[in-house]
Amino acid sequence: MSKKEAKADSKRVSFVTQQNENRQQVIQQTENKVVEAPSVLSVREFAELLKVPVTEIIGALVKNGVMATINESIDYDTMSIIADGLGFSLTEKAEEEIKLETKNTKKHLTTRPPVVTVMGHVDHGKTMLLDAIRHTDVISTESGGITQHIGAYQVTVKRENKERTLTFLDTPGHEAFSAMRAHGANITDVVVLVVAANDGVKPQTIEAINHAKAASVPVVVAINKIDLPDSDIDRVKRQLADNGLLSEEWGGDVPMVPVSAKNKENIDEIIDMILLVADLKELKADATLPATGVVIESHMQAGRGPIATILIQEGTLHAHDVVVIGSTYGKVRIMENYLGKKISEATPSMPVRIAGLQEVPNFGDRVLAVADEKEAKELTKVKSIKRKVLSIGELSRDIKAGKIKELKLILKADVAGSLEAIKKSLNEISNEEVKINVLHEGVGDITESDVNMALASEALVIGFRVKASSDVMNLARRENVKISIYDIIYQLLDDLTAALSGLLEPEIVETEIGRMKILAIFKVHRNEKIVGGKVTSGKIENNCEVKIVRDKETIGEGKIVSLQQNMKDAREVLENFECGLKVETEIKLAEDDSLECYRKEERVRRLC
Ligand code: GDP
């Protein structure tokens, strides 16, 4: 290694260490009761872990709409939400640690290939660069193989007589990256940021920088199109420096390689730089363990059934293994690599396409190889609740309680001028106790990428004189991300000021969703009544609150804690259908009583 390389090397190490120290400090400052938990635990084990009564956990689960008994299992997200509510902060135990603990095996850690995502502004040459890199693959070139489009592929290069492999996610772009993070899967080890030397830093370049920053993933910059006469490498470096990426040559920590994807110039250099950055991260995995991974692509294929491309993160997946993927499972019937070649084993960082699942899994679902179908069935029964992003009202309440020290925002505005004006005012309203942290800002409409970033980082999306398409709004609604759009600047600032000072107490609004009439009383406990009846209007939903009405007068309240239609558990029962239900209430229910099912919704002034 040359002197210069060694210097760059040590700089990167100190940068990484510094980042880790900072992160650690933040964790220590903001959270006191930090508890480590594995991905799945039974309710009893979880209670023991937190050292709180199991009834308290069950109560908190019920409040979140999950009916789980003491021996049933809950997943990490669910535990995390419950823990938050009880004043704990959960951190996830690495899958590898859990396995090693439970199976009591030795660690056999070996280096695994880095997983790389290419990002950058449209037309700056992401696809062409990926193609150029793909052409350096000694394996596909030697075998004459044609890479399949399975969402990811590997490239093996020879360096000093050694083969080095890298895994590239094939869907360049921010959506895949942020969607993956939104699902809690930070699978990228290195981001390659492509910037066209003739065009410079553009809005999507900045967006990519912010995504990488938010995920704490190191960046290698490819300054592309240097073959063009109007290319200006220094200008790109200056612009990147303005956006927080300082080139190594200028004393910073970010490697920047001028390339031409078109002329295949400096492609080996960029690959070397990715490998160097990856080596500093000392990426290791234990290939002797049962496989774990994440779904990066999935679909239904005629004749083959559900197909999933998964990226193996730990362990080895074998053909005929039984795998649990999200809420489905199956036996790996066919396993192919990125060249479409049948393989019998897949090791860490390898993308593989598998068939044999019961259903099509979701993008971002976790994959876990298990002993047999019995275990798979047990695991797919794990109870879970959806991760919820706090609303502004809840944030405001937590700020008031001193639980939150930072209001994270994604800010979009119609023009750069208004963006600047808003940011300046935000600085002024940011106070000692609570900071406003703009994770990402940009000119233009609110996109799915913004929503995914908000979800991954638990931020609010604030728009000023911009729009959000119905697709974007639907995604936000599904994922519980709050988008607030303003036309008047002072309203925006008013709301944020109020949120910051903890003044935005949410207002609870009740909306009726249906009614039913009780036709029979089956069982009466002190706090629980099991009854049968018919839905007379709207619908009845499990877990909803009810008002008990007798002779047109409300005589009490309760909550539906279990709902059945035709003896089967149901989420909802519609008008004119009969149902059986368990109601939590102290009121002695009687035939002919009506239950009015209503939903409590939180509304906060303009922000929601
Ligand atoms: P993407 O949108 O970032 O994936 O960009 P593409 O890879 O599709 O490239 C956009 C355009 O830039 C295409 O017309 C490419 O031919 C061109 N392009 C990509 N890389 C280079 C390069 O190194 N030099 C030149 N001159 N053109 C390039």
Side-chain angles (χ1 to χ4, degrees), residues 115-137 140 146-155 157 166-180 188 190-213 215 217-240 243 245 247 254-274 296-297 309 338 351 440 442-445 447-450 452-453:
V115 179
V116 185
T117 302
V118 176
M119 300 209 274
H121 196 70
V122 64
D123 275 349
H124 278 198
K126 296 179 290 295
T127 315
M128 201 169 236
L129 181 66
L130 273 167
D131 269 355
I133 291 175
R134 204 191 313 234
H135 276 103
T136 61
D137 183 14
S140 60
I146 299 166
T147 51
Q148 297 214 103
H149 275 277
I150 68 164
Y153 60 86
Q154 291 198 300
V155 169
V157 292
L166 304 93
T167 303
F168 286 87
L169 295 186
D170 202 7
T171 35
H174 314 167
E175 259 69 20
F177 183 81
S178 61
M180 203 52 99
T188 305
V190 181
V191 163
V192 172
L193 177 67
V194 180
V195 191
N198 60 330
D199 203 20
V201 168
K202 291 278 156 203
Q204 282 170 284
T205 320
I206 296 172
E207 192 181 80
I209 295 173
N210 291 334
H211 274 303
K213 240 192 245 165
V217 178
V219 176
V220 171
V221 177
I223 304 180
N224 192 28
K225 305 197 187 185
I226 53 164
D227 55 289
L228 292 176
D230 57 345
S231 76
D232 185 345
I233 297 173
D234 273 356
R235 184 178 65 130
V236 173
K237 286 186 181 168
R238 261 197 316 278
Q239 291 172 333
L240 287 170
N243 286 284
L245 295 189
S247 155
V254 185
M256 298 190 184
V257 186
V259 298
S260 165
K262 191 175 169 201
N263 295 346
K264 301 203 169 47
E265 202 183 328
N266 277 355
I267 302 303
D268 279 344
E269 280 74 4
I270 188 106
I271 292 175
D272 286 347
M273 203 42 99
I274 299 168
I296 52 176
E297 195 267 344
T309 302
Y338 67 98
H440 173 61
V443 171
D445 286 344
T447 62
E448 290 194 4
S449 174
D450 295 328
N452 279 322
M453 190 171 188

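The analysis underlying the following values was restricted to heavy atoms, covering all of them including side chains, and did not include hydrogens, waters or symmetry mates. Whatever order the structure lists ligands and atoms in, that order sets their numbers, starting from 1.
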When you compare the side chains of N224 and H124, does any donor N or O come within less than 3.5 Å of an acceptor on the partner? no
Note: heavy atom closest to atom 10 (C) of ligand 1, options D123, N266, V122, belongs to D123
Relative to ligand 1, is K225 under 4.0 angstrom through side chain, backbone, both or neither, heavy atoms considered? both
Exercise: identify the closest heavy-atom pair between L240 and V201: CD2-CG2, 3.7 Å
Heavy atoms only: which of D199, D227, I223 is nearest to atom 24 (N) of ligand 1? D227
Nearest neighbour of atom 22 (C) of ligand 1 from the list K262, K126, M119, on a heavy-atom basis: K262
Counting heavy atoms only, name the option from A261, G125, G120 that's nearest to atom 9 (O) of ligand 1. G125
side-chain hydrogen bond (donor to acceptor under 3.5 Å, both in side chains) for T309 and E297? Distances and angles first, verdict last. CA-CA 5 Å; T309 302; E297 195 267 344; 3.3 Å; yes
Give yes if a backbone or side-chain nitrogen or oxygen of N224 is under 3.5 Å from a nitrogen or oxygen of ligand 1, and no if not. yes
Cation over ring, R134 on F168, under 6.0 Å and within 45°? no
Going by atom types alone, do S449 and N452 pair a side-chain donor with an acceptor below 3.5 Å? no
Which heavy-atom pair separates I296 from L169 by the least distance, and what is that distance? CD1-CD2, 4.2 Å
Would you sort out whether M128 and K262 count as a side-chain contact (heavy atoms from CB on, under 4.5 Å), showing the intermediate values? CA-CA 7 Å; M128 201 169 236; K262 191 175 169 201; 4.1 Å; yes
Near S260 (heavy-atom distance under 4.0 Å), the atoms of ligand 1 are 23 (O)
Heteroatom proximity flag, M128 to ligand 1, N/O under 3.5 Å: yes
Close approach, H121 and ligand 1, non-hydrogen under 4.0 angstrom: yes
